[in-house]
Amino acid sequence: MTENKLAIIVLAAGQGTRMKSRLPKVLHPISGRPLVGHVLTAASRLGAEHIEVVVRHDRDRVVDVLAKQYPDATIVDQDDVPGTGRAVEVAIDAIPDFDGDVLVLSGDCPLADAETLATFIAEHRAADAAATLMTAVVDEPAGYGRVIRDAEGDVDRIVEQKDATADEAAVAEINAGMYVFRASALREHLPTIGVDNAQGEKYLTDVPALLRRAGQKVAASVVKDVTVTFGVNDRAQLAEVGRLLNARIVRRWQLEGVTIIDPATTWIDDDAKLAPDVTLFPNTYIAGATVVAAGAQIGPDTSLVDCEVGEDAVIRRTDATLAVIGTKTNVGPFAYIRPGTVLADGGKIGTFVETKNSQIGAGSKVPHLSYIGDTTIGERANIGAGAITANYDDLVKHRTEIGDEVHTGSHNVFVAPVRIGDGAKTGAGAVVRKDIPAGALALSVAPQRNVEGWVEKNRAGTGAAEAASRAGRATE
Ligand code: UD1
Ligand code: CA
């Protein structure tokens, strides 16, 4: 008879000393989620009755993130007794009525996906063991607990690196730190574990040996893909594990029909969504909850954070956050698109243009060298090169409203609050301080006055004067 109830305990109480960080280790992000978030995402797919996260170090910060992002997890506080054994003990004590299988995971091992874990649980159930360890045979076992097997090849015990003899340290099979236990096995043996070891901690890794002494079966599941066991203890491992996770996400989207020119320099957060026939060029970062529709071309050198991108949009060398970029739009190169920008279908935000909290209507274009902030632009308008919406009067921000089919001259300043009516036009260099009625032409620059012969008179002997005099002769 297999037991089908499942509880999951995620260990996240350790200090993470080797990270040398102000941020608790399990909150360091990769692929747009904290490390512990990846573990909880996988855990949430396994149909568990309980998911508990054990916390202690920097408890409030960890709890704060968990409460906001993973509200289904129950928080369990570890007391002053240190060690993974104690962490699991407080968690199992917090669910006194639970009787089933207990999957133990580490908050710093984010590469074990739901499928791997489901297989692991199934193997435990098939083996009908009191405990099953996930193990891996690795080239460099240093730092991990070693799996010591008996003459029959069965798991006998785990020895921590710091307690291992030279012979034990030479064993290449490591304890991945992921286990399935029968709840009863934990309840029986955890209270008996002491702290008589190199680290003065209650080791969870002592449980398998105790089960063996009690005549119970301990199974091992040796994973083929050792990367699923990789944990993060320092920043080098953070980058390596981050790279592996990204490679997985990139591959997943490639198989869904996304062209990714350079997987090594393309970073896609776990929550992002890409449609088939999207093309991502090198050095592109698709972050947060960004959603990209079919046929869009993004990059090179582009970062999109929490953006919505429409079909067939083309976005080159752009930095955009919390923006909606419509269908068949054209963005960049070198655009800086800040939160609240909405570019409607067929619109353009061009070269060296910054936008913020602005709606740019369908077919409207802001092609060059402009700042558009707190602005509404209607449809099919064209904003001349070098336009600035002066939205800030030193105290508050004001809006600029530009109607449909408006064409503005180059180098205009729109001093908000100001409205430009439908179809209006402005001259080059205009400083627009007053509303412009629909259909009007606004000019604010004084008429040009040419002082003939000024250069030859005042700059005699210079190259400019000579050039002017030659031009004079030529036109005579
Ligand atoms: C642990 C295992 C080791 C295994 C390795 C796999 C033990 C004693 N050792 O070592 O055999 O090879 O994982 O990655 O279990 N934690 C708590 N409370 C504590 C201490 C730790 O919740 O009092 C949490 C940590 O936050 C972490 C996890 O348990 O998420 C593992 O702790 P860590 O100190 O990283 O153990 P390792 O030395 O990696
Ligand atoms: Ca670890």
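Residue numbers start at 1 and run along the sequence shown. First listed ligand is number 1; within each ligand, the first listed atom is number 1.
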Sub-4.0 Å heavy-atom approach of [X] to ligand 1:
{"X": "N233", "result": "yes"}
{"X": "G231", "result": "no"}
{"X": "D108", "result": "yes"}
{"X": "R86", "result": "no"}

Applying a 4.0 Å heavy-atom criterion (strictly less than), which segment of P82 is in contact with ligand 1: side chain, backbone, both, or neither?
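Looking at P82 and ligand 1, just backbone atoms fall under 4.0 Å.
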May I ask you to identify, for H57, whether its side chain, its backbone, both or neither come under 4.0 Å of ligand 1 on a heavy-atom basis?
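The answer is neither.
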### Message
Rounded to the nearest 0.5 Å, what separates atom CG in L211 from atom CZ in R182?
### Response
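So the CG of L211 and the CZ of R182 are separated by 9.0 Å.
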Closer than 3.0 Å to the Ca ion (ligand 2), do we get an N, O or S atom from N233, backbone or side chain?
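It does; at least one qualifying atom falls short of 3.0 Å.
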State whether D101 and R125 are salt-bridged, where the test is any N-O pair (Lys NZ or Arg NE/NH1/NH2 against Asp/Glu carboxylate O) under 4.0 Å.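 The answer is yes: the pair qualifies as a salt bridge.
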*Does the pair E354/R338 count as a salt bridge with the N-to-O cut at 4.0 Å?*
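Judged by the 4.0 Å cut-off on N to carboxylate O distance, E354 and R338 do form a salt bridge.
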Under the salt bridge (Lys or Arg N to Asp or Glu O under 4.0 Å) test, which residues partner R86, sequence neighbours left out?
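Expected list: D79, E89.
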Between the side chains of R316 and Q297, does any donor sit under 3.5 Å from an acceptor?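 Looking only at side-chain atoms, Q297 and R316 do form a donor-acceptor pair, the distance falling under 3.5 Å.
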Q. Can you tell me the N, O or S atom of D108 that's nearest the Ca ion (ligand 2)?
A.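 That would be atom OD2.
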message: Name the residue from D154, D150, D206 that meets the salt bridge (Lys or Arg N to Asp or Glu O under 4.0 Å) definition with R212.
response: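 Among D154, D150, D206, the one that satisfies the salt bridge (Lys or Arg N to Asp or Glu O under 4.0 Å) with R212 is D150.
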